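Right, one structure below, let's go through it.
Quick caveat, the model's predicted, so the values are computed rather than measured. Letters go in sequence order (proteins before strands), and every chain restarts at 1. When reading the values below, keep in mind they use all heavy atoms of this one structure, side chains included, and skip hydrogens, waters and symmetry mates.
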2 protein chains.
Amino acid sequence: MGEMKKRSDCPISSSLDIWGDKWSLLIVRDLIFSMQCTYGDFLKSEEKIATNILATRLQMLESNGIITKLDHPDSKAKVLYQLTQKGIDLLPLMVEIHLWADKYSTIPPERNAIIEELKNNKDEFLKSYSKLLKNHQLKDQIE
Amino acid sequence: MGEMKKRSDCPISSSLDIWGDKWSLLIVRDLIFSMQCTYGDFLKSEEKIATNILATRLQMLESNGIITKLDHPDSKAKVLYQLTQKGIDLLPLMVEIHLWADKYSTIPPERNAIIEELKNNKDEFLKSYSKLLKNHQLKDQIE
DNA sequence: ATATTTGCTTGCATTTTGCAAGTGCAATAT
DNA sequence: ATATTGCACTTGCAAAATGCAAGCAAATAT
């Protein structure tokens with residue numbers, strides 16, 4: 001099913017071939033903010049992704065090793081999605097998008113705190129937040 | 001013509017609404033590498049963008065203030081495209097994509113030098129290269 | 001004067017996205 | 001035990017974006 005069609009060997013192009021569509025990075029964003037999400041959680045995001053696209057994007061991200069599915073502790077009917085290390089490593093990218101957006105468009109006030117944090121000590125933030133994501137991931141893998 | 005439809009106020013989402021398609025960042029990449037490109041230069045890139053999409057993407061990027069057109073010094077038939085400051089500020093993003101791609105996919109050997117440079121002194125690289133882009137831009141605006 | 005280059009536009013096929021409804025299984029309620 | 005709801009998807013079809021090939025006007029080269 002998942003045969004990768006690369007447009008070229010350029011690293012930018014290859015990366016875009018994986019997550020360079022309208023939705024993938026929003027899924028990653030949700031996971032970075034929430035650590036873990038169910039299928040329904042993604043559907044609830046304010047951008048209102050269509051359910052069929054969500055399904056195909058989740059498959060794509062999983063087959064590219066950016067996210068993993070795991071059993072929900074509460075119920076067999078639920079599925080938890082979370083970032084792999086490869087997914088966690090998209091954090092610096094996300095941070096740069098945030099900073100760019102901050103410079104050139106109006107940011108919702110509830111994000112101001114994070115933006116300030118980012119502008120003042122980006123490196124420290126990246127280090128500690130990616131560690132946080134990693135710890136969360138490991139914890140769930142064990143249970 | 002350019003009415004912006006934002007899916008939400010999230011900075012990630014708003015940014016993707018501008019350049020989150022299959023091609024825009026490849027156009028920006030070409031401009032970051034080459035400083036300036038003609039329409040034909042973009043068409044020559046190895047990903048082989050279709051001419052009609054190139055036209056609409058260039059318009060989109062221009063109307064969003066990421067690139068500007070300027071007269072080619074040699075000929076009235078030619079047009080030069082180059083990055084604005086807003087476009088130059090996508091450099092950190094590009095660098096992070098590069099680093100992510102380096103970690104998770106095979107990079108063409110001719111890029112190894114840049115990658116090493118990036119890994120060893122990213123901040124210094126960013127500072128000097130964005131200054132370079134800026135200088136180039138200013139030079140052309142005067143002529 | 002004629003041919004060629006350059007930056008597009010236009011028409012149409014194909015693919016991707018979007019919307020609404022439906023399916024199947026698990027958990028919960030009766 | 002049976003019905004109802006919740007959850008993770010599928011399916012069918014309309015709309016939009018992408019891809020391909022050809023065309024076109026203005027500028028330049030011959």
In whole angstroms, the gap separating P of D:dA21 from CD1 of B:I53 amounts to 14 Å
Students often mix this up, so state it plainly: with edges at 30° and 60°, are the rings of A:W100 and A:Y104 parallel, tilted or perpendicular? tilted
Check: B:N52 side chain, C:dC8 base, donor-acceptor under 3.5 Å: no
Kindly say if A:K69 contacts the phosphate of D:dA8, meaning a side-chain N or O under 4.0 Å from OP1 or OP2. no
Could you tell me whether the phosphate oxygens of D:dA17, OP1 or OP2, come under 4.0 Å of any side-chain nitrogen or oxygen in B:W23? no
Using the side-chain heavy atoms of B:A55, tell me which of these nucleotides is nearest: C:dA26, C:dT17, C:dT9. C:dT9
Would you indicate which nucleotide in D:dA8, C:dA27, C:dG7 comes nearest to any side-chain atom of A:T38? D:dA8
Between CG of B:D17 and P of D:dA16 the distance, given in whole Å, is 16 Å
Rounded to whole Å, CG of A:L43 lies from P of C:dA21 at a distance of 16 Å
Rounded distance in Å - CG (A:L80) to P (D:dC9): 12 Å
OP1, OP2 of C:dT16 versus side-chain N and O of A:K22: anything below 4.0 Å? no
I'd like to know if the side chain of A:T84 and the backbone of A:I66 have a donor-acceptor N/O pair within less than 3.5 Å. yes
First of A:A50 and A:D74 reached from the 5' end of DNA chain C, by closest nucleotide: A:A50
Please state whether the phosphate of D:dC9, meaning OP1 or OP2, lies under 4.0 angstrom from any side-chain nitrogen or oxygen of A:T51. no
Lys/Arg-Asp/Glu bridge criterion (N-O < 4.0 Å) met for B:K119, B:D102: yes
Examine D:dA16: is either OP1 or OP2 under 4.0 Å from a nitrogen or oxygen in the side chain of B:K5? Give yes or no. no
NZ/NE/NH1/NH2 to OD/OE distance under 4.0 Å, B:K86 and B:D89: no
In whole Å, I'd like the distance from the CD1 atom of B:I49 to the P atom of D:dA21. 16 Å
Do the side-chain N or O atoms of A:Y81 get closer than 4.0 angstrom to the phosphate oxygens (OP1, OP2) of D:dC9? yes
Could you tell me how far apart A:I67 (CD1) and D:dA8 (P) are, to the nearest whole angstrom? 13 Å
Atom CZ of A:F42 and atom P of C:dG18 are separated, to the nearest Å, by 17 Å
Does A:S24 reach the main-chain N or O of A:D21 with its side chain, forming a donor-acceptor pair under 3.5 Å? no
How many Å lie between CG on B:L54 and P on D:dC20, as a whole number? 14 Å
Nucleotide of C:dA27, D:dT10, C:dG7 approaching A:Y39 most closely (side-chain heavy atoms): D:dT10
Measure from the side-chain heavy atoms of A:D21 and tell me the nearest of D:dT28, C:dA27, C:dT17. C:dT17
If you pin A:K78 and A:R7 to their nearest nucleotides in DNA chain D, which one's is more 5'? A:K78
Taking the six-membered ring of B:W23 (Phe, Tyr or Trp), confirm whether the NZ or CZ of A:R7 is under 6.0 Å from its centre and within 45° of its axis. yes
Closest to side chain of B:R57, choosing from D:dC9, D:dT18, C:dT16: D:dT18
